[in-house]
Number of protein chains: 2
Amino acid sequence: MKFTISEENHIKGVYHLQQQTGLVNTNALACEMQTKAASVTDMLKKLKLKKILQYEKYKGFKLTEMGKKIALSIIRKHRLWEYFLTVKLGFDWAKVHAIAEELEHISSEELIQKLDDFLGNPSFDPHGDPIPDSFGKIPTIKQYNLMQLPIKKKAIVSSVSNQSAQMLEMLKHYKIGIGTPIQITKHFLFDGSLEVKILKNTTCILSEQVAKNIFVYYE
Amino acid sequence: MKFTISEENHIKGVYHLQQQTGLVNTNALACEMQTKAASVTDMLKKLKLKKILQYEKYKGFKLTEMGKKIALSIIRKHRLWEYFLTVKLGFDWAKVHAIAEELEHISSEELIQKLDDFLGNPSFDPHGDPIPDSFGKIPTIKQYNLMQLPIKKKAIVSSVSNQSAQMLEMLKHYKIGIGTPIQITKHFLFDGSLEVKILKNTTCILSEQVAKNIFVYYE
DNA sequence: ATTTATTTTTAGATTTGTCTAAATTTATTT
DNA sequence: AAATAAATTTAGACAAATCTAAAAATAAAT
């Protein structure tokens with residue numbers, strides 16, 4: 001089945017929200033999509049008709065199995081293109097998201113399969129987010145946010161959840177990126193801030209607010 | 001200035017037609033665009049307003065200088081993507097056009113500049129069509145792949161699109177490189193293979209698969 | 001349990017790009 | 001030059017995707 005760009009964006013938006021909340025409501029999606037509630041309602045009717053989501057008036061909605069499959073295929077495209085843009089074209093990781101938002105709507109399945117092979121079938125994009133395979137399966141590793149990481153335990157930065165420009169700029173300054181080895185050397189109980197050693201490099205202090213948006217894995 | 005996909009496609013269509021005819025007429029463009037004359041008229045009004053084309057009712061139309069610049073930037077994108085799809089992703093050249101029709105509308109200028117560099121600033125796409133540079137300047141010689149070269153016609157090897165190690169090794173063995181004078185002496189219809197004379201040197205047999213990756217020019 | 005507030009949906013308008021059918025302009029033929 | 005044909009444009013309609021403003025349903029508060 002074929003979808004418009006707007007439909008695809010809505011499907012992706014629902015997927016994103018239902019990851020956290022289970023059932024999604026109209027206002028939340030309107031906010032996520034930077035549009036109005038009335039427009040969302042219109043789109044919901046269309047997507048229900050196409051059996052992309054289960055939707056009862058006034059009662060919230062969520063994707064059907066088919067809807068989920070479509071969402072994952074769009075996310076797969078998005079993340080493969082992000083990988084291409086940073087690793088092959090040398091883009092700064094802060095810039096790739098907007099371009100991938102366009103590229104993810106290119107329709108050819110064969111293109112994505114060949115791109116995947118060309119990139120060496122990566123499992124994670126440059127932000128550390130997992131890239132679903134062609135069946136929609138998502139690779140998993142146990143991730144912990146920095147606040148949960150035991151003190152002195154060596155770990156690898158795997159992703160960053162708050163991708164605001166300010167956040168990315170700060171991490172760039174500290175030379176913290178995906179794959180950076182890291183270790184907590186002190187935990188200040190007063191304000192929850194952490195002293196963090198970027199291995200083979202300097203040490204810095206991160207606030208709790210920042211730390212809980214940085215994810216790592218170990219072993 | 002920003003354009004919709006439909007506007008961009010019409011600009012490209014006008015450019016293509018005016019290459020041959022100078023002034024373009026409504027029906028011709030309608031045919032080119034697989035649409036109706038009335039729809040073309042609507043679009044012409046819009047593009048005239050945006051100063052993309054000179055247009056007098058009932059009297060035909062052609063692109064302004066600005067219109068030409070835009071057309072060339074779209075053609076540039078199209079051909080760079082075609083190059084990417086064949087040379088980097090290994091697509092069959094027959095399949096790349098449709099995909100490039102979508103990719104050419106991705107808007108980022110930085111993307112195209114980086115893609116161009118990544119591909120090594122190629123001058124011709126895999127069909128031998130010239131790729132305009134970022135100023136809209138078009139390289140002049142036309143390239144043909146060996147399958148398209150008329151028999152007995154003397155030509156010069158100008159580029160090789162499939163740069164796999166095996167390919168390069170084979171070419172090295174036959175002493176075929178950029179600038180090598182070459183001539184087709186026989187075309188075996190059975191399997192599409194060619195008997196090729198490397199001038200001032202030996203003769204060899206090249207499979208169709210190899211031949212279509214070797215580009216030449218003549219005169 | 002009413003009233004008030006919030007959320008969601010409907011109703012109707014707008015924009016973009018397309019269409020058909022009719023009218024108009026230009027070109028061709030007799 | 002008048003009649004006919006072809007090309008082009010206008011007028012009006014339609015679908016998609018959005019919006020505003022008002023109505024309806026649900027949730028929260030007194």
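As a basis for the values below, the full set of heavy atoms in this structure was taken, side chains included, without hydrogen atoms, waters or symmetry mates. Chain A is the first sequence line, chain B the second, and so forth, proteins listed ahead of strands; every chain is numbered from 1.
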Practice task
May I ask you to list the residues of residues 12-30 of chain B, by number, that have any heavy atom positioned under 4.0 Å from an atom of DNA chain D?
Solution key: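 Correct list: B:N25, B:T26, B:N27.
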
Practice task
Under 4.0 Å from any atom of DNA chain D, heavy atoms only: list the residues of residues 34-44 of chain B that qualify, in numerical order.
Solution key: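 Output list: B:A37, B:A38, B:T41.
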
Problem - Rounded interatomic separation in angstrom, taking CD1 from A:I5 and P from D:dT18 - result: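 It works out to 11 Å between those atoms.
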
Problem - Distance, rounded to the nearest Å, where B:F61 contributes CZ and D:dA7 contributes C1' - result: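 The answer, rounded to whole Å, is 12 Å.
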
Practice task
May I ask you to verify if any side-chain N or O of B:S6 is less than 4.0 angstrom from the OP1 or OP2 atom of C:dT18?
Solution key: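 Yes, within the criterion.
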
Practice task
Please examine the side chains of A:K50 and A:E7, heavy atoms only from C-beta on, and report whether any two atoms are closer than 4.5 Å.
Solution key: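 The answer is yes; the side chains approach within 4.5 Å.
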
Problem - Residue pair B:F84 / B:V96, side-chain heavy-atom distance below 4.5 Å - result: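 No, side chains not in contact.
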
Exercise for the section: Kindly state which residues belonging to residues 47-60 of chain A come within less than 4.0 angstrom of DNA chain C, counting heavy atoms of the residue only, listed by number. Expected result: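 Under 4.0 Å from DNA chain C: A:Y55, A:K57, A:Y58.
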
Problem - Approximate separation, where rounding is to 0.5 Å, of B:K51 NZ and B:L53 CG - result: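 These two atoms lie 11.5 Å from each other.
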
Quick one: salt bridge (charged side-chain N to carboxylate O under 4.0 Å, His left out) pairs with a partner in [range], sequence neighbours left out?
range	value
residues 75-90 of chain A	A:R76-A:D116, A:R79-A:D125
residues 12-35 of chain B	B:K12-B:E101, B:K12-B:E104
residues 163-172 of chain A	A:D92-A:K172

Handout entry: Test side chain to side chain donor-acceptor pair (under 3.5 Å) applied to A:T21 - qualifying residues, sequence neighbours left out
Key =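 Not a single residue meets the side chain to side chain donor-acceptor pair (under 3.5 Å) criterion with A:T21.
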
Practice task
Not counting sequence neighbours, which residues clear side chain to side chain donor-acceptor pair (under 3.5 Å) with B:K114? List them please.
Solution key: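 Checked B:K114 against side chain to side chain donor-acceptor pair (under 3.5 Å); matches are B:E110.
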
Handout entry: Contact summary for A:N213 and A:Q209, nearest pair of heavy atoms
Key =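 Here A:N213 and A:Q209 meet closest at ND2-O, 3.0 Å.
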
Fill in the blank from the handout: Here DNA chain D, pairs taken as Watson-Crick or G-U under 3.5 Å and shown with ( ), [ ] when crossing and | when to another strand, reads ||||||||||||||||||||||||||||||

Problem - Pairs involving residues 58-67 of chain A, ordered by first then second residue, that meet side chain to side chain donor-acceptor pair (under 3.5 Å) (sequence neighbours left out) - result: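 Checked against side chain to side chain donor-acceptor pair (under 3.5 Å) - neighbours excluded - the pairs reaching residues 58-67 of chain A are A:E65-A:K68.
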
Practice task
Name all residues meeting the side-chain contact (heavy atoms from CB on, under 4.5 Å) criterion together with A:I138; count only those two or more places apart in sequence or in a different chain, and write none if there are none.
Solution key: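 Testing A:I138 for side-chain contact (heavy atoms from CB on, under 4.5 Å), a comparison that skips the adjacent residues, returns A:Y15, A:L72, A:P130, A:P132.
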
Hey, can you pull the donor-acceptor pairs under 3.5 Å for the side chains in residues 191-198 of chain A, sequence neighbours left out?
residue : atom : partner : partner atom : Å
A:D191  : OD1  : A:S193  : N            : 3.0
A:D191  : OD1  : A:S193  : OG           : 2.8
A:D191  : OD2  : A:S193  : OG           : 3.4
A:E195  : OE1  : A:T185  : OG1          : 2.8

Problem - Main-chain N/O of B:H16 paired to B:Q19 side chain as donor or acceptor, under 3.5 Å - result: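 Between the backbone of B:H16 and the side chain of B:Q19 there is no qualifying donor-acceptor contact (under 3.5 Å).
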
